[in-house]
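Ligands are counted one by one from 1 in listed order, and the atoms in each one are counted from 1 as well. Note that the structure is a prediction, hence the values are computed from the model and not measured.
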Amino acid sequence: MPRTDTGPRPAPPARDSPPHGHDRVLGRVVLGVTGCIAAYKACEVLRELQRREVDVHVVMTAAATRFVGPLTFEALSGHPVFHDQFALGTDSDIRHVSLADDAEVLLVAPATANTVGKLARGIADDALSTLYTATRAPVVVAPAMNSNMLEHPAVQENLEILRSRGVRVVEPGSGHLACGWLGRGRLAETDAIVDATLAALVRRRELTGETVLVTAGPTVEDIDPVRFVSNRSSGKMGYRIAEAARDRGARVVLVSGPTSLRPPGGVELVSVRSAEEMARAVEAHFEAATVVVAAAAVADYRPAAPSTDKLKKGEGPLALELVRTKDILRGLGERKGERLLVGFAAETGDLLARARDKLTGKNLDLIVANEVSTGFGGDTNAAVLLPREGDPVDVPLASKREVAERVCDEIVRLRAPAREPTPTGPVAS
Ligand code: CTP
């Protein structure tokens, strides 16, 4: 409807302006609201975030606008609400991209089964789902739905996909649901959602300024042009650590042996094949590194004299002479300086004793100890984190991304003394 008044109108808030009444902003959160009866509770979540000095922008799905009008969120947030995927932003920018860039955390609360499914499967057909695929910000999802919907294998699988990508799922609570049921599925309490969002906001800056050098995957040692000696490492653990460190603000260099994994975005990937190539690549990036995480399963031996011609079979047995490769991590431990060194120990017995020997023998600050049977090759892992200083941390079976988060928690804890006072501390003003 055209405006009929001609009087002065307050200027729309600039993209950088803080929320009403706040001159100091902890960070910028994009709050995605989806179509569920709990949509009204998103107003309380928004208010509580603002009380904690967070600048909140709101994105709504079409269904959400049928429960709460965009005007309500616009008035509360002090920013235009994004619900039309095709509407341009204030500077004719593409809103789902500009908001995705600006977001420091994307919080979806409440998240319906439909939206959880779209995010998990990469369907991008509205303002919120396009923004999700366009953002690099950490994501927090607070589902709310009927108990049977929540327990449906499709929904559980989708939530698991999101968790394995590093999305923090704030578990729904139990109680009376709008549909009349008594059971699990109601939106988590506002405090739990706000705490998870603030934790994500702080976490994303915890490793800013750090350069994390990660080794991952197996190495491949050639016998001849068609045969090689290698091991069963998939590289997944190292890749998940690289992603988790990237998401906490670090510059990440990932030196990887051959794997079938997709290169993580925003990470500098250096592909290598043999232990010798890995040693050279690590050497080239060691100087700039402040943290090294050696997750690669480096061959301890290689064929003494790889043949340039394909070996021909004979009648009798064949003996292959193997010689030791360089222990990359041990070499780094001898000249680590102020760097933090993290190693891995995959064992088949005497786990903690052997891991402790490697921790001290290689002059490490932290070792991730796991049984070969739980971690090698799969998507999950269970581990014990043994720091040189402090108590061991038991990490029960979880997705490798979740294990990577616990490793990063320890890295942050152990790096804290070196980071204080931080030039770009965890709380920006
Ligand atoms: N490592 C390395 N260079 C090597 C071998 C191992 O950097 N040539 C690193 C691995 O990335 C891992 C740790 O050292 O972080 C593993 O220690 P290691 O004692 O070599 O364990 P294993 O290779 O399992 O050997 P062992 O048979 O002695 O248990």
Side-chain angles (χ1 to χ4, degrees), residues 212-222 228-242 244-245 252-259 261 270-286 289 291-304 322-336 339-377 381 383-388 395 400 403-404 406-408 410-411 414:
V212 180
L213 173 58
V214 182
T215 68
T219 63
V220 171
E221 312 301 328
D222 289 330
F228 56 78
V229 182
S230 188
N231 61 65
R232 290 202 219 154
S233 166
S234 64
K236 285 175 193 163
M237 196 61 242
Y239 276 56
R240 297 295 96 88
I241 286 177
V252 179
V253 180
L254 174 61
V255 176
S256 173
T259 73
L261 304 174
V270 184
S271 297
V272 297
R273 185 171 163 82
S274 63
E276 201 181 325
E277 278 179 31
M278 184 170 279
R280 272 203 302 271
V282 166
E283 195 55 49
H285 291 93
F286 183 60
V291 178
V292 180
V293 182
V298 188
D300 291 319
Y301 293 90
R302 63 172 175 80
L322 300 173
V323 291
R324 279 293 308 270
T325 58
K326 187 166 142 191
D327 188 326
I328 303 170
L329 190 54
R330 187 178 292 273
L332 303 183
E334 285 161 8
R335 56 204 170 93
K336 62 188 267 191
R339 296 174 192 83
L340 186 89
L341 294 194
V342 182
F344 273 70
E347 308 289 347
T348 50
D350 281 342
L351 178 63
L352 295 186
R354 287 183 179 164
R356 272 203 191 90
D357 285 349
K358 287 176 187 175
L359 177 72
T360 48
K362 298 194 186 200
N363 195 20
L364 309 179
D365 301 283
L366 174 69
I367 194 150
V368 182
N370 66 277
E371 293 281 351
V372 169
S373 56
T374 49
F376 242 60
N381 203 357
V384 180
L385 314 186
L386 288 175
R388 189 200 282 266
V395 185
K400 286 191 171 170
V403 177
R406 299 294 77 77
V407 174
C408 283
E410 274 301 285
I411 291 174
L414 294 167

Under a 4.0 Å threshold between the charged nitrogen and the carboxylate oxygen, would D222 count as salt-bridged to R273?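 Judged by the 4.0 Å cut-off on N to carboxylate O distance, R273 and D222 do form a salt bridge.
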Check ion pair K326-E334 (N to O, under 4.0 angstrom):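 No.
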Ligand-side contact atoms (ligand 1) for residue partner A294, heavy atom cut-off under 4.0 Å: 11 (O), 12 (C), 15 (O)
Using a strict cut-off of 4.0 Å, indicate which atoms of ligand 1 neighbour a heavy atom of G343. 15 (O)
Nearest protein heavy atom with distance in Å, relative to [atom]:
| atom | answer |
| --- | --- |
| atom 3 (N) of ligand 1 | I328 N, 3.0 Å |
| atom 27 (O) of ligand 1 | D300 OD2, 3.9 Å |
| atom 8 (N) of ligand 1 | K326 O, 2.9 Å |
| atom 1 (N) of ligand 1 | D327 OD1, 3.9 Å |

Can you see which heavy atom on A289 is nearest to which on L213, and at what distance?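 Reported closest heavy-atom pair: CB-CB, 3.9 Å.
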If every non-hydrogen atom of F344 is compared with every non-hydrogen atom of N370, which pair is closest and at what distance?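 For F344 and N370, the tightest heavy-atom pair comes out as CD2-OD1, 4.2 Å.
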Can you tell if the side chain of V298 reaches within under 4.5 Å of the side chain of M278, non-hydrogen atoms only?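 Side chain of V298 against side chain of M278, heavy atoms only: contact under 4.5 Å found.
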Nearest candidate to atom 26 (P) of ligand 1, where distance is taken over non-hydrogen atoms, out of K358, E276, R324: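 Closest candidate by heavy-atom distance is K358.
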Could you tell me whether some N/O pair between [X] and ligand 1 is separated by less than 3.5 angstrom?
| X | answer |
| --- | --- |
| K362 | yes |
| F344 | yes |
| V298 | no |
| A296 | yes |
| L329 | yes |

So, using side chain to side chain donor-acceptor pair (under 3.5 Å) as the criterion, who are the partners of R330 when residues are at least two apart?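 Residues passing side chain to side chain donor-acceptor pair (under 3.5 Å) with R330: none at all.
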Does at least one non-hydrogen atom of R330 fall below 4.0 angstrom from an atom of ligand 1?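 Under 4.0 Å: no for R330.
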Check: S256/Y239 side-chain N/O donor and acceptor closer than 3.5 Å: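 Y239 and S256 do have a side-chain donor-acceptor pair below 3.5 Å.
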Distance under 6.0 Å and angle within 45° of the ring axis: does R339 meet both against F286?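 Ring-cation test returns yes.
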Would you please name every residue forming a salt bridge (charged side-chain N to carboxylate O under 4.0 Å, His left out) with R280, sequence neighbours left out? E276
